[in-house]
Amino acid sequence: MSDLMGSRRQRAVDDGEQSLIGPPSGDSGATGGNLLDQDESTPCFVYVLAFFSALGGFLFGYDTGVVSGAMLLIKKEMNLDKLWQELLVSSTVGAAALAALSGGYLNGWLGRRICILLASFIFSAGGVILGLAPDKVVFLVGRIIVGLGIGIASMTVPVYIAEVSPSHQRGQLVTINSLFITGGQFIASVVDGVFSYLSHDGWRYMLGLSVVPAVLQFIGFIFLPESPRWLLQKGRSQEARQVLSQIRGGRNIDAEYNAIRTNIEEEEKEAGGGLVILRILRYGPTRRALIIGCGLQMFQQLSGINTVMYYSATILQMAGVRDDKQAIWLAAATSATNFVFTVVGVWLVERVGRRKLTLGSLLGTGLSLTLLAVGFLLSAQNSPPVTLHPVDSQNSTCRLYGSCEFCMLDPNCGFCYRENGSRVYNASCVPVSQVSTDYASWGRCSNQTEGTDNPIWAYNYCPTSYSWVVLLGLILYLAFFAPGMGPMPWTVNSEIYPLWARSTGNACSAGVNWIFNVLVSLTFLHVAEFLTYYGAFFMYTGLVVLGLLFVQGCLPETQGLQLEEIENLFNRRLCSCGASSSGDNQVQYIRVNGSNYLLSESDASDVE
Ligand SMILES: O[C@H]1[C@H](O)[C@@H](O)[C@H](O)[C@@H](O)[C@H]1O
C-alpha cells in the first residue's frame, strides 16, 4: 500500500466537497462550506446515544474503583492471604487487557452496538456472580468476567460515540465517556464508604449494585441504532442513511453520507487484503497514528494516575488522618477531585483543542509530581528515629532499621510510636501481623482495642510535618491530570484512525493502556522499596517529561476535523506530526478557479 493512498483519499474528500472551510462565493449552502456541519447545533438524540454508551465508561470506573473498599471486608470474611488479594484485584485488569485486544475483531465483525450490548450483558452477569459469590473461587471468576466487560467497553464506547457525533462536538461527547469513568470511580468510593459500616456482606452490595447501570445500558441499546459508518462499511447503505438521518434530527445528511461513502469506497479499492494489523503497520499514516495512540495510552498510565489514586489513602494517613473510616471518606474526596476536574476537560476540549489540553495537562502533572516527590523527600529526611529496641524473638529484619523511613519501606514491618503534639517518642520498628496490616504481630501495637493511651501504629507511612506538601501535590496532580491526560488518550484514539483501521487501532491502544495499568500498579511497591517513595515519584516525573516531548513532537490537533480528514495529519514523518496542529496548520480546502485546493500559507494570495 503506498503513501499515495492518503493523498488519493484527500482527493476523494475534495470530490465530495466536504472539507471546505467556508461556503465558496456563489456556492449554495447545499454543496459548499463545511457541509458536514452546517448547523452547529447538536440534535438531542446524539446526547441520548452518548449517555447510554457512556454508561460503559461508568461501569469501567465503578468496577475498577469499588474493589479497594470491598477488599477490606472480603479479606476478613474469606480470610484471604496477600496472593489472593492481589489476584482478585489484578485479574480484572488482566482480563480487561485481553478483552480490549480481542475487542477489535469483535467490533469489526459484530459492530459497535452488538459489542456494547455484549459488554453490558457481561457486566450484568459479572455483577450477579460477584454479589452472590459463595467463595473466593467463584469471586475470582466474577472478577474475570467483569474484566472482560470492561475491556470491550473501554475500546468500543469511544469509537461508537466518535462515529455518531457531529465533528464540531465529537471531542466533547467522547470526553463525556471519561467523565463517566471518573464518575464511576467516585460513586464507587461513596458506595464503599456507605457499605463499609456493614461488616457482614457489605461487599455483596458494593459489587452487586453495578448490575443496575449495566441492565439500564442493555435495555437502552436494544432500542438504539448501530453506527452509520460501520453499517456503510458492511454495505448496509439504506440502514446507514436512515440511522444518519435519525441521529442528525432529520436534517439534510446528503453531504455527510456521501463523504463517508466515498471514503469507504476509496479505502476498499486501495486497502488490499490481509490482517488489519499488518496493513496498519505497512501503511505510513496509520502506523504513525497507531504509535501516537498507543504512546498516549502508555504515558497516561506511566504518569502514575492509578498509583496516586490507590496511594491517596496512605498520603492522607501521612497528613494525620488516622481513623480508617475517615480515610475511606477522604479517599472518596480524592476521586471526587478527579471527577470534578474531568468536567473542566469536557468544557475545555472544544475550546483549546486536544493538543494544547494534553500538553498543559502533562506540564502541570509533571510539576505536581515533582512537588509530591519533594514532599516525600522532606518527610524522609526528617523521618523520626527508632528509639526503642524491644527484644525480637522472631529475629525479623525490622530490628535492623534506625528510622521510620526504612522501617515503613519494608512490607513486613510497621512503626509503633507515641506522640506529643508533633513530637514523636518511644518509637520502635516491629513486624506486622500476618492476619492484618492494622496492627503489629506482637508488643505494644498488637492490641486491636482502641484507647487514648495506646501507642500509634503506622503501616506504610511515617508521621511527618511535611505532609501538607504531599497533600498539595496530590490535589494539584489530580487538578492537572484529570482534564487532559485522563480523557485525551481515549478521545484522540477514537478519532485518529481511518474506518478500516479504527477498531483494531483502538483495540491495540486500549490493550496498551490496560497492560501498563497492571505493570505500574503491580510494580509500585517494589519500585518504592528499591527507590524509596520520593525516588518513585521523581521517576514518574521523568516519564512525564518524556511524555511531554512525545506529545509536543508527534500529536497533531484533530479538533473540528471530519473523521475522514484526520488521516491526512499523519502524512508527515512521525516526529513532525505534532506540527500539523489545526491551530498552526489546519487542513483547509478552498475553491480555487473551479477546483478544490489545499491551502498553504504561501498560496493564500492566490485565493479567488
Ligand atoms: O482515563 C482513565 C481515568 O483517568 C481514570 O481515573 C484512571 O483510573 C484510568 O486508568 C484512566 O484510563
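Only heavy atoms go into these numbers, but all of them, side chains included; no hydrogens, no water, no symmetry mates. First listed ligand is number 1; within each ligand, the first listed atom is number 1.
Selection from G486, S335, G61 by nearest heavy atom to atom 1 (O) of ligand 1 gives G486.
With a 4.0 Å cut-off on non-hydrogen atoms, T342 does not touch ligand 1 at all. Residue contacts with ligand 1 for N306 involve side-chain atoms from C-beta outward but no N, CA, C or O (heavy atoms, distance under 4.0 Å).
The shortest heavy-atom contact between V159 and S494 is N-CB, 4.2 Å.
Closest to atom 6 (O) of ligand 1 among all protein heavy atoms lies Q185 OE1, 2.9 Å.
Residue Q300 approaches ligand 1 through these ligand atoms, each under 4.0 Å from one of its heavy atoms: 1 (O), 2 (C), 11 (C), 12 (O). Near F481, meaning under 4.0 Å from any of its heavy atoms, are these atoms of ligand 1: 4 (O). Proximity to W490 (heavy-atom distance under 4.0 Å) selects the following atoms of ligand 1: 1 (O), 2 (C), 12 (O). With ligand atoms numbered from 1 in the order given, ligand 1 contributes 6 (O) to contacts under 4.0 Å with heavy atoms of N338.
A heavy-atom separation below 4.0 Å is not found between Q297 and ligand 1.
Of the possible polar contacts, one joining the S335 side chain to the A332 backbone as a donor-acceptor pair under 3.5 Å is found.
Counted within 6.0 Å of CZ on F45, heavy atoms from surrounding residues, nucleotides or ligands total more than 12; the atom is thus considered enclosed.
Looking at F538, Y533, Y534 one by one, the single match for ring-ring contact (aromatic ring centres under 6.0 Å, His included) with F376 turns out to be Y533.
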Report the C-alpha separation of K356 and E557 in whole Å, then their side-chain angles, then the decisive distance to 0.1 Å, and conclude whether the side chain to side chain contact (heavy atoms under 4.5 Å, CB included) test is met. CA-CA 8 Å; K356 281 194 191 131; E557 181 55 81; 5.5 Å; no

Go through Y540 and F537 one step at a time and tell me if the ring pair (Phe, Tyr, Trp, His ring centres under 6.0 Å) criterion holds. CA-CA 5 Å; Y540 291 137; F537 282 100; 5.8 Å; yes

Criterion salt bridge (Lys or Arg N to Asp or Glu O under 4.0 Å) on R170 and E495, from CA distance to verdict: CA-CA 9 Å; R170 187 181 58 238; E495 48 191 15; 2.5 Å; yes

